[in-house]
Amino acid sequence: MENEITLRKNDNLAAYNAGEKKHLKQLAFHKCLKKNRWVFGGNRSGKTECGAVEAVYMALGVHPYRKNRDNVFGWVVSLSRQVQRDVAQAKVLHYLNPRKIAGITMADGKKDSPEYGVIDQIRVKNAFGGISVIGFKSCDQGREKFQGSSLDFVWFDEEPPKDIYEECRMRLLDRGGDMFGTMTPLKGLTFVYDEIYLNAKGSPEVWCEFMEWADNPFLNPEEVNSLTESLSSSELESRRYGRFTSGAGLVYPEFLQEVHVIDPFPVPKEWFDKISIDPGLNNPLSAHWYAVDFDGTVYVIAEHFEAGRDIDYHAERITSISDGLGWHRDSGGRVAALIDSAANQRTLASVKSVSELFYERGIAVSPRVNKDLFSGIQQVKSYLKVNNGKPKMYIFSCCENLIRELKTYRWGEGDLPKKTDDHALDELRYYLMTKPKNIPPPPVKTEIQKDKEKKFRKIMNERHGRIGGSR
């Protein structure tokens with residue numbers, strides 16, 4: 001009886017489930033149903049905890065949010081055997097109740113004291129009556145050691161080499177298994193940056209979240225402050241905030257997807273401001289719809305971004321999106337927009353300029369934009385900068401191409417940004433350089449306006465109070 005009470009007291013998984021050792025971003029990770037999900041976190045942000053718990057959930061068949069299976073076989077992949085023993089293995093043992101262990105096979109050491117050795121496999125009693133297996137692998141074993149098995153899950157504790165990542169993906173194919181990773185991005189802009197954070201291939205199964213020290217309520221605030229003061233700004237980016245950094249230099253490091261990207265909401269028509277266009281035919285044409293609230297905060301609320309289309313097509317799409325939003329028209333019934341001043345030029349191939357062609361199709365474009373590159377970049381930075389917990393610009397999650405360009409826009413040689421993938425950023429600069437002014441609230445607000453503002457404040461409070469992920 002005394003032994004049973006001790007075992008129950010030491011059930012750390014039950015404590016985690018009860019919220020005693022779990023914070024909101026860990027919960028968001030467990031709730032995500034996508035098959036390739038990652039947590040980029042600073043040291044001691046709680047990322048490894050949720051990875052270990054996820055592996056234990058699956059092996060036990062007791063995951064609170066996913067479909068559970070019997071006889072699960074999964075791998076825990078560490079960088080080395082020593083790191084396995086000291087980190088991932090220790091966390092799995094911490095959350096796996098000893099009563100649920102059917103047996104342990106050691107790679108090195110004694111199974112009676114597995115925490116002091118290196119575990120090869122743990123056999124786990126599954127809730128459906130079968131036996132699951134948690135196998136441990138290390139990247140220093142080489143790719144060949146990762147061949148041959150069919151798996152239900154792989155947990156990467158820290159970033160693996162690309163060849164091992166690819167091999168593990170093959171191991172999951174037969175069973176339709178899940179891959180998840182928890183890592184501090186210390187290696188710069190590696191394949192994980194492209195494959196997961198940027199989701200360059202556009203996979204619907206990729207999801208990621210960032211964790212930092214402030215997300216972990218179990219850390220001592222005084223210790224956090226002390227360590228923050230001791231680290232350089234570049235170290236803080238990765239070791240506190242879990243962000244990717246590179247010596248090549250992002251133009252907009254101020255952009256934080258978890259801060260600036262929000263879910264769409266019904267925007268009051270009183271906020272509608274301007275459309276901005278960067279024209280292209282073979283190259284992408286980029287257009288965004290911008291709104292400004294009563295405090296001067298900018299919202300990018302809609303996007304049109306396509307290459308290889310003619311003026312007729314682009315004009316139709318801009319008109320259609322504007323109609324869907326209920327966007328305002330000018331006195332002639334045309335949709336008004338800013339556009340690159342180059343659109344006024346006529347070429348030998350056409351007797352009419354792009355501006356004139358758009359005008360004939362119901363889009364009244366104004367080429368009077370400030371194209372100064374460096375002033376424009378500084379203007380964008382000022383809107384991205386977070387003051388008192390909030391930036392001056394938010395971007396709806398449906399504006400995927402603008403978000404992608406903000407993530408990838410980099411400095412090149414000669415103190416100039418690389419002139420690639422910047423079509424959305426060009427017209428963002430054109431718009432912000434018009435210096436959108438604060439729109440004063442009407443002297444007397446109608447009940448409808450009051451209700452809209454009340455609902456909006458509720459949405460924004462929920463946004464800043466909840467945890468969002470990469471979309």
Side-chain angles (χ1 to χ4, degrees), residues 25 28-41 47 50-51 54 66 153-156 158-170 172-173 176-211 237-238 241-246 248 250-264 284 286 288 300 302-307 384 394-410 418 420-425 428 467-471:
K25 288 196 173 179
F29 168 76
H30 295 307
K31 283 185 173 182
C32 177
L33 300 181
K34 297 189 177 183
K35 288 184 173 295
N36 194 353
R37 52 199 184 278
W38 290 68
V39 174
F40 305 124
K47 64 184 188 304
C50 58
E54 189 80 353
R66 306 178 72 83
F153 74 83
V154 174
W155 167 34
F156 291 110
E158 297 301 343
E159 180 178 359
K162 186 176 182 180
D163 61 341
I164 289 177
Y165 170 85
E166 295 291 352
E167 190 64 44
C168 286
R169 288 184 65 189
M170 295 300 102
L172 296 166
L173 189 60
D178 292 85
M179 175 182 289
F180 48 99
T182 56
M183 58 173 280
T184 299
L186 298 174
K187 299 178 181 179
L189 307 185
T190 63
F191 80 94
V192 173
Y193 176 83
D194 293 319
E195 183 115 353
I196 307 300
Y197 175 58
L198 296 182
N199 192 11
K201 298 177 182 177
S203 170
E205 291 298 330
V206 168
W207 177 94
C208 66
E209 181 63 278
F210 286 85
M211 286 185 188
E237 285 295 297
S238 58
Y241 297 105
R243 297 172 189 158
F244 291 88
T245 59
S246 169
L250 290 169
V251 175
Y252 297 121
E254 298 86 357
F255 175 74
L256 305 172
Q257 182 155 336
E258 65 271 25
V259 172
H260 296 98
V261 179
I262 62 176
D263 294 329
S286 176
H288 287 87
V300 191
E303 175 179 87
H304 169 55
F305 189 99
E306 282 193 63
L384 292 173
Y394 292 101
I395 303 167
F396 280 11
S397 58
C398 57
C399 301
E400 296 178 353
N401 291 284
L402 175 58
I403 294 167
R404 173 181 53 80
E405 289 188 7
L406 282 164
K407 287 179 177 180
T408 58
Y409 197 41
R410 312 193 67 76
K418 294 181 179 179
T420 55
D421 291 330
D422 59 357
H423 303 285
L425 294 178
L428 172 65
I467 305 303
S470 175
R471 303 170 175 82

Legend entry - Partner residues of Glu54 under the salt bridge (charged side-chain N to carboxylate O under 4.0 Å, His left out) criterion, sequence neighbours left out: Arg37
Inset, instruction - Measure across Cys208 and Phe40 and return the closest heavy-atom pair with its distance rounded to 0.1 Å. - result: CB-CE1, 3.6 Å
Inset, instruction - Check step by step if side chain to side chain contact (heavy atoms under 4.5 Å, CB included) holds for Asp263 and Phe396. - result: CA-CA 6 Å; Asp263 294 329; Phe396 280 11; over 6 Å; no
Legend entry - Partners passing side-chain hydrogen bond (donor to acceptor under 3.5 Å, both in side chains) against Glu254 (at least two apart in sequence or in another chain): Lys381
Inset, instruction - Grab the two heavy atoms, one from Leu384 and one from His260, that are nearest each other, plus how far apart they are. - result: O-NE2, 2.6 Å
Legend entry - Flag, side chain of Arg66 to backbone of His30, donor-acceptor distance under 3.5 Å: no
Inset, instruction - Please name all residues satisfying salt bridge (charged side-chain N to carboxylate O under 4.0 Å, His left out) with Glu195, sequence neighbours left out, ordered by chain then number. - result: Arg169, Lys201
Legend entry - ring pair (Phe, Tyr, Trp, His ring centres under 6.0 Å) involving Tyr193 - partner list, sequence neighbours excluded: Tyr197, Phe244
Legend entry - Gap separating the CG atom of Leu172 from the CD atom of Glu167, nearest 0.5 angstrom: 10.5 Å
Inset, instruction - Would you check if the side chain of Glu303 reaches a backbone N or O of Asn401 as a donor-acceptor pair within less than 3.5 Å? - result: yes
Legend entry - Heavy-atom pair of closest approach, residues Ser286 and Ala424: OG-CA, 3.2 Å
Inset, instruction - Quick one: closest heavy-atom pair of Tyr165 and Met179, and the distance? - result: CE1-SD, 3.2 Å
Inset, instruction - Quick one: pull up CG in Asn199 and CD in Glu205 and give me the separation to the nearest 0.5 Å. - result: 10.5 Å
Legend entry - Those residues that, when tested against Phe156, pass ring pair (Phe, Tyr, Trp, His ring centres under 6.0 Å) (two or more places apart): Trp38
Legend entry - Counterpart residues, side-chain contact (heavy atoms from CB on, under 4.5 Å), relative to Glu158 (two or more places apart): Lys47, Leu79, Met183, Thr184
Inset, instruction - For side chain to side chain contact (heavy atoms under 4.5 Å, CB included), just list the numbers for Ile403 and Phe255, CA-CA rounded to whole Å, side-chain angles, deciding distance to a tenth of an Å, and then say yes or no. - result: CA-CA 9 Å; Ile403 294 167; Phe255 175 74; 4.0 Å; yes
Inset, instruction - Please name the pair of heavy atoms, one in Cys50 and one in Phe29, separated by the smallest distance, quoted to 0.1 Å. - result: O-CE2, 3.6 Å
Inset, instruction - Please test Leu428 against His288 for side chain to side chain contact (heavy atoms under 4.5 Å, CB included), starting from the C-alpha separation and ending with a verdict. - result: CA-CA 8 Å; Leu428 172 65; His288 287 87; over 6 Å; no
Legend entry - Taking every non-hydrogen atom, the tightest pair across Phe191 and Pro160: CE2-O, 3.3 Å
Inset, instruction - Rounded to the nearest 0.5 Å, what's the gap from CG on Leu425 to CG on Leu402? Could you check? - result: 6.0 Å
Legend entry - Leu189 and Arg410: CA distance, side-chain angles, deciding distance, side chain to side chain contact (heavy atoms under 4.5 Å, CB included) verdict: CA-CA 12 Å; Leu189 307 185; Arg410 312 193 67 76; 3.1 Å; yes
Legend entry - Atom pair CD/OG1 of Glu405 and Thr420 - distance to nearest 0.5 Å: 9.0 Å
